[in-house]
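Below is one structure, written out as structure tokens; the observations come after it.
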Amino acid sequence: ANPALLEKFRGNFSADEYVERLSRTTKILFDPANLSDDALFDPTPLLRAFEDHIENLWQLHDDVVHEVTMREDQCRKSEEEHKDNMEELDTIMQEAFTSLQSLTARINEVSTKTVHVGDQLEAVNIKRGRAVEAAGIMRHFTAFDTPKGSLLPPFDDIAPENIHQAADIIQKLKFIADEMPPGQVSVAKDRIAEQLNTIKSRLLRGFHDAFGEIDTMRTFAHTLYPFQAYPTCIEDFTKQFIEEEYVAGTNADVCTAIVTTCKKAKDVIDQVFLNPGFVFAEFVNYIVETKLRARVAVALAGVGVTQLEALHENYKRARTMLTELGTIADLGPDLTLEDKLLRRLIFDKYLTGYILAEEDNLHDAYERLLETFYDSIGHVSWGLRGKDIKGKKKPEVEDTQSPTETMLSLDVAFNMIHENKRAIERCKELATPSDRPEWVYRIFTQLLEGLCNDHVNYAVKYAVRQLPPPGKLKGEPSLVFLAVVRDANSLFYILQKHFWDDVLPYVRTSLSVYPKCVQKKNDIMDALEGQLAGGLELLIDGALDYLKTTLQKEQRKSDFKPQEDAMVEVINGTCTEACKLCVTFLTKLHRQLTGCLNGKNMENVLRLLGQRFHAILQEHIKSMTFNTLGGMLLVRDVSEYERCIAAFNDSVVLGLFVTLRELSAVVIVKAENIKQLSEEGRLANLDKAMIQAFLQLRADYKSAKIANLFAKPS
């Protein structure tokens, strides 16, 4: 194949460009003499050139096909050779793998036999060693059993370097002697016991003298491990280490000093003793008992709340110390350690009567708070149990002075709750998980007694006692009771918040304590709310009595029958004096009611007040007689009452006064318009008897023959 020609067909080949290039390279001859406009073009040379080139292309095609065929044959032959080689290699690999498996099995077989032989040799060697050791022990035992006989080395003269070997042998001799029947080999037993005590004393002395030398201490500790004197070794180390390393300053530094000392001791214990966990536990027990107990006794020497606070603070620090010690020993929180060290060993006598002391402290604290408060307002408080907080006997004559104070104090309540929170915080730290719900309940009960019974209940009863009995009201009634209701509601709110935030998380963990705690709280609060409701009812009765009395005393019959010459004064004037007094009092009462009540309670009280005042006002109007100008004054008064009642935001009550205003209009319209008026607005649905009752109040009722307007035709 022609390489130059093949190069033309590489890359992006274009047949059109190839033909154009071939045409430009072909020489076409023209006769110069015939180069005229009509000279004919001769394509023969071009055709011949194309035919030659096409022949060359076919030749190139044949060459390329031949070369491709040769290459394919070579590739096929190479593939067959490679396949044969791979098959041969596969056979070789299978043979090698089979040989390897056989070799592995053979090696395993040989190794198994080797291990078996080794075990047999080791067993024989152990038996031989034991036999040799037993023979040596028996020789030593025989020597000890010979009265005044010489002992064998190393017992003939125990050198310091042989003390550990002698300790091992004497320990075994002691075991053999103990196994012998009583009365036999008594000489050996006595001499072995004597030698054992001597070696034990030397080991303990050697361990003591080696303090600070870790390797030597470890050797002695390991030798002493099987001896009964091993606990003495631990005790000696504990005392010596504390004496050398423990440093503490003030009471607040004791726990820190204990933790620091234990950290140092833990590092030494891990290197010296075979059972470091047990040794460290003994070390902690000893240092806590000897160092913490004395400081706690000094810190808890006070009484009352001072001792309780000190107990809480010291116990909390001690628990933190145990947590750190548990971290050092990698034990985590150890409740058993806490129960053993703190509850039983250090704080036992303080925790035994803790909850009783806490209750007494709260009772005394609440009494002091109440006494201080009543003294500050100059009031002598007579308690509910027949004696005052100072223990004085209740007088036979009760105080009837009208109070200007509510006898309730948010400051007292906050202080009581603060004391209760502090007590719960102490209880959380000092009580066990099983005791905590019951103890928190008892602490909360003290708050219910002090705040609800001794403070709120007393204030409510005192305020109710100051309310005048029905029919004995003199002047405008005092609304101090509403301030009592307001303050009591505020106290209930902060009490409930304290219960949910501070009490409930602890009592709800007990199925027995939770229900009785909630029941106790609800019973006390329900009883107080019942007293408040009763007092509120008395107050409303008194307020309505005052309104009724005011209308009767301040409203003259002549108010609604002015003379004709007073028309200008009536038109330009305001409502009557009785109306002004009633509206002023109602506005004041409404403002204070909305300040102490909310929700449905406020809606119910305002509706009751509005309905009952409407009835009183309606009866009062029926007792009057009205001329035309008086009717105008009546409508003006009723409109003023309506405006006042509109502040109640009660559509039912407002509707009553709107109807009353429209009904009042029948006393001022002309007689001929009464029939039409009674069929309009709210009057259209009103009982005709009610309309006739108001019509009878007109001064011209008889003269204008108004009764005939509603007479049935015969």
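- In this structure the side chain of V653 never reaches within 4.5 angstrom of the side chain of H614, judged on heavy atoms.
- We find the CZ-CG distance between R698 and N627 to be 10.0 Å, quoted to the nearest 0.5 Å.
- The two residues Q555 and T576 have their closest heavy-atom pair at NE2-OG1, 3.4 Å.
- The CD atom of E662 sits 5.5 Å away from atom CG of L683, with the distance rounded to the nearest 0.5 Å.
- Here the side chain of T509 pairs no donor or acceptor atom with the backbone of P505 at under 3.5 angstrom.
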One pair to check against side chain to side chain contact (heavy atoms under 4.5 Å, CB included): F694 and L660. What are the steps and the verdict?
CA-CA 10 Å; F694 265 70; L660 183 61; 3.8 Å; yes
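- Ring geometry, W439 versus Y354: the interplanar angle falls from 30° to 60°, so the pair is classed tilted.
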Please step through side chain to side chain contact (heavy atoms under 4.5 Å, CB included) for the pair Y315 and L351, ending with a clear verdict.
CA-CA 10 Å; Y315 192 87; L351 294 176; 4.1 Å; yes
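- No side-chain heavy atom of L536 sits under 4.5 Å from any side-chain heavy atom of L532.
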Could you walk me through whether Y506 and F444 pass the ring-ring contact (aromatic ring centres under 6.0 Å, His included) check?
CA-CA 11 Å; Y506 301 108; F444 182 60; over 10 Å; no
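- Taking all atoms of both residues into account, the shortest heavy-atom contact from Y374 to D454 is OH-O, 4.0 Å.
- Atom CG of residue L544 and atom OG1 of residue T550 lie 11.0 Å apart, to the nearest 0.5 angstrom.
- Although no hydrogens or angles enter the test, the distance criterion places no donor-acceptor pair under 3.5 Å between the side chain of R661 and the main chain of V638.
- The CG atom of D650 lies 9.5 Å from the CD1 atom of I645; values are rounded to the nearest 0.5 Å.
- Put simply, the side chain of Q618 does not reach to within 4.5 Å of the side chain of I621, judged on heavy atoms.
- Ring centroid separation for the pair F648 and F657 does not come in under the 6.0 Å cut-off.
- The environment of CZ in R556 is sparse: at most 12 heavy-atom neighbours from other residues, nucleotides or ligands sit within 6.0 Å.
- Remark: L451 CG to H498 NE2 distance equals 9.5 Å, nearest 0.5 Å.
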Could you check E419 against N415 for side chain to side chain donor-acceptor pair (under 3.5 Å), going step by step and ending with a plain yes or no?
CA-CA 6 Å; E419 291 292 336; N415 288 332; over 6 Å; no
Per-pair distances, 0.1 Å, donor-acceptor, side chain in residues 588-595, under 3.5 Å, sequence neighbours excluded:
| unit_1 | atom_1 | unit_2 | atom_2 | d |
| --- | --- | --- | --- | --- |
| K588 | NZ | E476 | OE2 | 3.0 |
| H590 | NE2 | A647 | O | 3.2 |
| T594 | OG1 | H590 | O | 3.0 |
| T594 | OG1 | R591 | O | 2.9 |

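- Between L608 and E537 there is no side-chain heavy-atom pair separated by less than 4.5 Å.
- For the pair K521 and F499, the cation sits on the ring face: its NZ or CZ lies under 6.0 Å from the ring centre, inside 45° of the axis.
- The two residues Y366 and Q446 make their nearest non-hydrogen contact at CE1-O, 3.3 Å.
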Sequence neighbours left out, cut at 3.5 Å: what donor-acceptor pairs do the side chains of residues 510-518 make with other protein atoms?
| unit_1 | atom_1 | unit_2 | atom_2 | d |
| --- | --- | --- | --- | --- |
| S510 | OG | S512 | N | 3.4 |
| S510 | OG | S512 | OG | 3.1 |
| S510 | OG | V513 | N | 3.2 |
| K516 | NZ | E438 | OE1 | 3.1 |

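- Looking at heavy atoms from C-beta onward, K316 lies out of side-chain contact with K428 at the 4.5 angstrom threshold.
- Judged by distance alone, the side chain of R442 and the main-chain N or O of L356 form no donor-acceptor pair under 3.5 Å.
- Counting heavy atoms from C-beta on, the side chains of V666 and L677 come closer than 4.5 Å.
- Considering OH of Y546 and CG of L551, their distance stands at 10.0 Å, rounded to 0.5 Å.
- Less than 6.0 angstrom separates the ring centroid of Y641 from the ring centroid of F613.
- Between E429 and L311 there is no side-chain heavy-atom pair separated by less than 4.5 Å.
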Worked check of side chain to side chain contact (heavy atoms under 4.5 Å, CB included) between Y458 and K461:
CA-CA 5 Å; Y458 172 78; K461 285 193 172 184; 6.0 Å; no
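- A salt bridge between E309 and R422 is present, with a side-chain N of the basic residue lying under 4.0 Å from a carboxylate O of the acidic one.
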Please walk me through it: do E313 and R317 pass salt bridge (Lys or Arg N to Asp or Glu O under 4.0 Å)?
CA-CA 6 Å; E313 185 62 29; R317 283 207 304 264; 3.7 Å; yes
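- Taking every heavy atom of both residues into account, V440 and C427 meet most closely at CG2-SG, 3.9 Å.
- Judged by distance alone, the side chain of N457 and the main-chain N or O of L528 form no donor-acceptor pair under 3.5 Å.
- Closest of all the heavy-atom pairs between L538 and V464 is CD1-CG1, 4.0 Å.
- You'll find the side chain of M407 stays beyond 4.5 Å of the side chain of V484, heavy atoms only.
- Closest non-hydrogen pair, L586 versus C644, comes out as CB-SG, 3.7 Å.
- Contacts of K600 classified as salt bridge (Lys or Arg N to Asp or Glu O under 4.0 Å), with partners at least two apart in sequence or in another chain: E603.
- Formation of a donor-acceptor pair under 3.5 Å by the D487 side chain with backbone atoms of L410 is not found in this model.
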Could you walk me through whether L448 and L495 pass side chain to side chain contact (heavy atoms under 4.5 Å, CB included), step by step?
CA-CA 9 Å; L448 294 177; L495 178 64; 4.0 Å; yes
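- For R643 and E640, the salt-bridge test passes: some basic side-chain N is under 4.0 Å from an acidic carboxylate O.
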Worked verdict on T574 versus K580 for side chain to side chain donor-acceptor pair (under 3.5 Å)
CA-CA 9 Å; T574 58; K580 290 179 181 178; 3.2 Å; yes
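- A perpendicular orientation is assigned to the rings of F373 and H455, their planes being inclined by more than 60° (bins at 30° and 60°).
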